[in-house]
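Scroll down for the structure; my scribbles are underneath it.
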There are 2 protein chains.
Amino acid sequence: MLRVSKLTDYATVVMTVLAEAGTDVLSAQVLAERARLEIPTVSKLLKQLVHAGLVESFRGVNGGYRIGRAPTAISVAEIVVAMEGPIGMTECSVHSGLCDHENHCGVRGNWQRINQAIADALASVTLADMMKPPGPKRPIPTPLRVALV
Amino acid sequence: MLRVSKLTDYATVVMTVLAEAGTDVLSAQVLAERARLEIPTVSKLLKQLVHAGLVESFRGVNGGYRIGRAPTAISVAEIVVAMEGPIGMTECSVHSGLCDHENHCGVRGNWQRINQAIADALASVTLADMMKPPGPKRPIPTPLRVALV
DNA sequence: GCTAAAGTGGACCGAAATGGTACGGTTTTC
DNA sequence: GAAAACCGTACCATTTCGGTCCACTTTAGC
């Protein structure tokens, strides 16, 4: 199944918890409780989110984590990239030279276009959107549309 | 990295070879040569494509494979689904009941919407599109657009 | 019919990724 | 200086992936 890893999934949950906390600093323990995840798991993914600049960390007593930007300014694509690296449906569309068939492969360029479409789709959903209930057919203010071509 | 499996990638290549052959029946060996892949690998993925109804198979001497539909009537999404199963970015968005957090998870519904957007993106690219060179900015006839909402 | 070509189904194996977990080190507050 | 909390790294069990192989069945043609 085409899917993101569990850790990426969890990361979106933790990010929404951080977003709900606004400018408060939450410890890994509190985050784990609110997200209902194990502390080591939460710590692990927070490291990557900090590295990507999506979350700020504070050490020492009363340390913890705080969201780095407004939820409207963080996209799901950024979270996915922070956790999994660049979005590319095929290996060759990200790292060239690894596949023996690159020269005579007719589909490589088209996969790259598909990548872009999917990246755009993920980029157009913000963390703020993820905080809202899905809503049966509630239109999102700006008509977020992804051109495939 | 968010990606499809190699087998799925290869499947798109094999499908384009079959599409180029039109109504000809090609053996696994010929397909392997044209796609520059190993025969066992090609056989394996063809089994799945036959099962999904995207390819027809013929047994016995002079047997082989033939594309099941016009290339314009086969989408990349169908190939991905044939190889990997349903498109779902998170486990819970496809199979409910496996995740302990379903009841109190605020992001599940939103992931399902993202799934749909990505499925639509993959569904709007046909095998015929994959046969064409990417083309820098050549517009595709019908404005294939994917509404995210 | 017999034989050879060709697909079918299933099993198998090594390598890699995934997910959890643990531990020692460092920073900061009180 | 002691405790709280993050940091980096390493480890391990499990699963998945990619690739291969084999015994079986079907069919064309002699």
Side-chain angles (χ1 to χ4, degrees), chain A residues 1-11 13-14 18 24-33 35-52 55-66 68 80 83-85 88-92 95 98-101, chain B residues 1-11 13-14 18 24-33 35-68 80 83-85 89-92 95 98-101:
Chain A
M1 186 179 67
L2 176 62
R3 66 185 192 91
V4 296
S5 72
K6 275 193 186 180
L7 238 24
T8 303
D9 186 5
Y10 295 161
V13 177
V14 171
L18 276 172
D24 289 0
V25 172
L26 304 184
S27 70
Q29 183 176 4
V30 171
L31 281 170
E33 284 166 9
R36 312 220 195 177
L37 298 169
E38 299 303 315
I39 296 179
T41 302
V42 169
S43 299
K44 189 173 190 173
L45 61 89
L46 278 167
K47 271 177 236 171
Q48 294 181 248
L49 295 173
V50 169
H51 233 79
V55 171
E56 288 179 293
S57 65
F58 302 93
R59 303 180 72 158
V61 180
N62 300 328
Y65 300 91
R66 184 174 68 186
V80 171
M83 299 303 297
E84 315 202 351
M89 300 301 279
T90 57
E91 190 64 45
C92 68
H95 308 107
L98 291 180
C99 176
D100 299 337
H101 309 116
Chain B
M1 187 178 66
L2 175 62
R3 66 186 191 92
V4 297
S5 71
K6 274 194 186 181
L7 238 24
T8 302
D9 187 5
Y10 295 161
V13 177
V14 170
L18 276 172
D24 290 359
V25 173
L26 304 184
S27 69
Q29 184 176 3
V30 171
L31 281 170
E33 284 166 10
R36 312 218 195 179
L37 298 169
E38 298 302 314
I39 296 179
T41 303
V42 170
S43 298
K44 188 173 190 174
L45 62 89
L46 278 167
K47 276 177 225 174
Q48 294 180 249
L49 294 173
V50 169
H51 236 79
L54 299 178
V55 171
E56 287 179 293
S57 65
F58 302 92
R59 302 180 73 157
V61 180
N62 299 328
Y65 300 91
R66 185 173 67 187
I67 198 162
V80 171
M83 299 303 297
E84 315 203 352
M89 300 300 279
T90 56
E91 189 65 44
C92 68
H95 308 106
L98 291 180
C99 176
D100 299 337
H101 309 116

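Labels below follow one simple rule: chain letters A, B, ... track the order of the sequence lines, proteins then strands, and each chain is numbered from 1. Quick caveat: nothing in here was measured; it's all calculated off a predicted structure.
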CD1 of A/I39 versus P of D/dC7: gap in Å, rounded? 15 Å
Any side-chain N or O of B/S27 less than 4.0 Å from the OP1 or OP2 oxygen of C/dA5? no
Residue pair A/L46 / A/L18, side-chain heavy-atom distance below 4.5 Å: yes
Think A/S5 has a side-chain N or O under 4.0 angstrom from the OP1 or OP2 of C/dA17? no
Rounded to the nearest 0.5 Å, what separation is found between the NZ atom of A/K6 and the CE atom of A/M83? 13.5 Å
Counting side-chain heavy atoms from C-beta on, which of C/dG10, C/dG7, D/dC6 comes nearest to B/Y65? C/dG7
Choose from C/dT29, C/dA4, C/dG19 the nucleotide whose nearest atom is closest to any side-chain atom of A/N62. C/dT29
Taking for each residue the nucleotide of DNA chain D with the nearest heavy atom, is it A/V50 or B/K47 whose nucleotide lies nearer the 5' end? A/V50
Nucleotide of D/dC7, C/dT21, D/dT20 approaching A/P40 most closely (side-chain heavy atoms): C/dT21
Would you say B/L7 and B/T41 make side-chain contact, with heavy atoms under 4.5 Å? yes
For a quick check of understanding: with a heavy-atom distance under 4.0 Å over all strands, which category does A/G60 fall into, base, sugar-phosphate or nothing? base
In this structure, how many angstroms lie between the P atom of D/dT20 and the CG atom of B/L7, rounded? 11 Å
Take atom CZ of B/F58 and atom P of D/dT26, then tell me their distance rounded to the nearest Å. 17 Å
Most 5' of A/T41 and B/L46 on DNA chain C, judged by nearest nucleotide: B/L46
How close or far is atom P of D/dT14 from atom CD of B/E91, stated in whole angstroms? 19 Å
Rounded to whole angstroms, how far apart are CG on A/L49 and P on D/dG8? 14 Å
Whether over 12 other heavy atoms sit under 6.0 Å from B/E33 CD: yes
Please determine if a side-chain N or O atom of A/K44 lies less than 4.0 Å away from the OP1 or OP2 oxygen of C/dA22. no
From CG of B/L45 across to P of C/dG7 the rounded distance in Å is 13 Å
Among D/dG18, D/dT20, C/dG7, the nucleotide that comes nearest once only the side chain of B/A28 is considered: C/dG7
Measure CD/A/Q48 against P/D/dC7 and give the value in whole Å, please. 13 Å
Student check: side-chain heavy atoms of A/L31 and A/L37 closer than 4.5 Å: no
Length of the line joining A/R36:CZ and C/dG20:C1', which is rounded to integer Å: 21 Å
At 4.0 Å (heavy atoms only), tell me whether B/Q29 reaches a base, stays on the sugar-phosphate, or touches nothing. nothing
Is it the case that the base of D/dT27 and the side chain of B/R59 share a donor-acceptor contact (distance under 3.5 Å, atom types as modelled)? no
